[in-house]
Amino acid sequence: RNLSTLDDRVDVYCKAMLTLSCGSFADPDCLDRFLKYHSITVDDIAEFRWRGHGCPGGCPYVKTKDGREFRADYVDFWYGNGSYVGPL
C-alpha cells in the first residue's frame, strides 16, 4: 500500500493485497455470518480488512461501494462465544 502512494501502477495492476494474520484463522463461514448480519453482499464490498485500519482495529472491517462502514470490536469478534460473528 505504501508503494501505491509513489507508483500508480500498484493500483492498476494489483487487484487484491494480502497480509499475514497474527496467528488465528477465521473460516469463510465466520465472514459470511458477519456480512449476512449487516445485510451486505460480496458485490457490495469496496474494501475489506481483517484488521481494520490499525492493530487491532475493527475486526473485520468492511466498507461498501455506497460508503457504509461496518466493523466489529476485536475482542467481541474473536471471543464472542457463539455470537453472530466470530470463529470461537
Side-chain angles (χ1 to χ4, degrees):
R1 293 201 179 276
N2 289 339
L3 181 59
S4 69
T5 64
L6 303 172
D7 188 338
D8 293 334
R9 294 176 300 166
V10 173
D11 292 330
V12 172
Y13 295 110
C14 295
K15 299 302 178 192
M17 295 186 190
L18 304 176
T19 188
L20 297 175
S21 177
C22 63
S24 295
F25 173 76
D27 62 27
D29 184 54
C30 179
L31 176 59
D32 291 343
R33 288 193 310 267
F34 179 83
L35 296 176
K36 183 177 179 180
Y37 180 83
H38 293 290
S39 301
I40 303 167
T41 67
V42 172
D43 292 335
D44 293 334
I45 298 173
E47 181 180 350
F48 172 81
R49 296 170 181 244
W50 274 117
R51 295 299 292 257
H53 292 89
C55 183
C59 180
Y61 167 84
V62 174
K63 184 173 184 178
T64 60
K65 292 174 183 173
D66 64 6
R68 294 174 295 145
E69 295 179 288
F70 301 89
R71 64 185 55 80
D73 176 77
Y74 180 83
V75 172
D76 291 343
F77 181 78
W78 285 103
Y79 304 104
N81 294 322
S83 66
Y84 71 96
V85 297
L88 303 177

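To the nearest 0.5 Å, the span separating CZ on Phe70 from OG on Ser39 amounts to 8.0 Å. Atom CG of Asp43 is separated from atom CD1 of Ile45 by 8.5 Å, given to the nearest 0.5 angstrom.
A distance-only check finds no donor-acceptor pair linking the side chain of Asp11 to the backbone of Asp8 [under 3.5 Å]. No donor-acceptor pair closer than 3.5 Å links the side chain of Lys65 to the backbone N or O of Glu47.
Inspection of the Thr64 and Asp66 side chains reveals an N or O donor paired with an N or O acceptor under 3.5 Å.
Here the side chains of Val62 and Leu35 are in contact, with some heavy-atom distance below 4.5 Å.
Val42 and Phe34 fall within a single hydrophobic cluster, where Ile, Leu, Val, Met, Phe, Trp and Tyr are joined by side-chain heavy atoms under 4.5 Å apart, directly or via other members.
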Q: Assess whether side-chain contact (heavy atoms from CB on, under 4.5 Å) is satisfied between Trp50 and Leu31, documenting all intermediate values.
A: CA-CA 10 Å; Trp50 274 117; Leu31 176 59; 4.2 Å; yes
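Between Arg71 and Tyr61, the closest heavy-atom pair is NH2-CE1, 3.2 Å.
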